[in-house]
Amino acid sequence: LRVKEIILSGESEGKTLYDAMTQGGPFGMQTFDQHLIELYAQGLIEEEQALYHCIRRDIVSRQIDLIKKQKKSTSSKEEIVLELGGKGVK
């Protein structure tokens with residue numbers, strides 16, 4: 001219904017088709033940028049490819065930075081477990 005309203009009455013601040021698609025995940029909607037972020041998170045594309053093809057570079061860049069931080073934190077936890085695991089420490 002929101003998308004229909006935007007199409008009929010036009011876009012305005014806070015009511016854009018991009019915003020509606022971003023928030024329409026429960027209804028099966030997603031933006032191209034969201035899909036690029038998913039592909040990057042799955043390791044199927046590189047950061048440069050995602051940033052080159054995206055529509056909203058600021059948003060995609062921020063999400064990629066968050067994914068990098070999450071990967072670093074999980075990899076550092078795995079390293080700690082591996083280091084301690086070989087020394088008999090529980």
Side-chain angles (χ1 to χ4, degrees):
L1 184 65
R2 183 173 175 202
V3 173
K4 182 178 177 182
E5 290 174 17
I6 293 170
I7 292 171
L8 293 175
S9 63
E11 294 184 343
S12 63
E13 189 172 332
K15 290 186 176 183
T16 66
L17 186 58
Y18 186 90
D19 294 333
M21 289 179 66
T22 301
Q23 298 165 2
F27 305 105
M29 299 171 81
Q30 75 176 25
T31 64
F32 188 67
D33 290 347
Q34 288 172 316
H35 190 64
L36 288 172
I37 293 165
E38 285 179 23
L39 292 174
Y40 174 78
Q42 295 170 3
L44 298 174
I45 62 171
E46 301 283 327
E47 177 180 0
E48 294 79 25
Q49 292 171 313
L51 293 175
Y52 180 79
H53 293 288
C54 69
I55 297 167
R56 301 278 308 267
R57 188 179 178 98
D58 57 330
I59 294 172
V60 173
S61 180
R62 230 177 297 132
Q63 291 298 317
I64 287 175
D65 288 343
L66 289 173
I67 292 167
K68 285 181 184 177
K69 286 180 185 178
Q70 289 174 347
K71 287 182 179 180
K72 281 184 184 177
S73 80
T74 52
S75 67
S76 64
K77 288 177 186 176
E78 290 173 3
E79 288 174 17
I80 292 170
V81 171
L82 292 176
E83 288 174 10
L84 297 176
K87 298 180 181 179
V89 179
K90 295 182 181 180

Cluster overlap Leu51 with Ile67, hydrophobic side-chain contacts below 4.5 Å: yes
Assess whether side chain to side chain contact (heavy atoms under 4.5 Å, CB included) is satisfied between Tyr18 and Glu11, documenting all intermediate values. CA-CA 10 Å; Tyr18 186 90; Glu11 294 184 343; 6.0 Å; no
Kindly indicate, with the supporting measurements, whether the criterion side chain to side chain contact (heavy atoms under 4.5 Å, CB included) is fulfilled by Thr22 and Asp33. CA-CA 9 Å; Thr22 301; Asp33 290 347; over 6 Å; no
Path from Phe27 to Val3 over hydrophobic side-chain contacts below 4.5 Å: no
Out of curiosity, His53 NE2 to Ile45 CD1, how far, rounded to the nearest 0.5 Å? 8.0 Å
Only one of Ile37, Thr31, Leu39 forms a side-chain contact (heavy atoms from CB on, under 4.5 Å) with His35, so which one is it? Leu39
Hey, what do you get for CZ (Phe32) to CZ (Arg56), rounding to the nearest 0.5 Å? 15.5 Å
Could you check Glu47 against Lys68 for salt bridge (Lys or Arg N to Asp or Glu O under 4.0 Å), going step by step and ending with a plain yes or no? CA-CA 10 Å; Glu47 177 180 0; Lys68 285 181 184 177; 2.6 Å; yes
Could you pull out the closest heavy-atom pair between Gln30 and Met21, with the gap in Å? O-CE, 3.3 Å
salt_bridge(Lys15, Asp19) N-O dist < 4.0 Å: no
Which pair of non-hydrogen atoms, one from Cys54 and one from Val60, has the smallest distance, and what is that distance? CB-CG2, 3.6 Å
Working to the nearest 0.5 angstrom, can you tell me the gap between Glu38 CD and Gln63 CD? 11.0 Å
With rounding to the nearest 0.5 angstrom, report the CZ to CD1 distance, Arg57 to Ile59. 13.0 Å
For Glu46, I'd like to know if atom CD has over 12 heavy atoms of other residues, nucleotides or ligands within 6.0 Å. no
Verify same cluster id: Leu66, Ile64 (apolar side-chain graph, 4.5 Å): no
If only atom types and distance count, is the side chain of Ser61 paired as donor or acceptor with the main-chain N or O of Asp58 below 3.5 Å? no
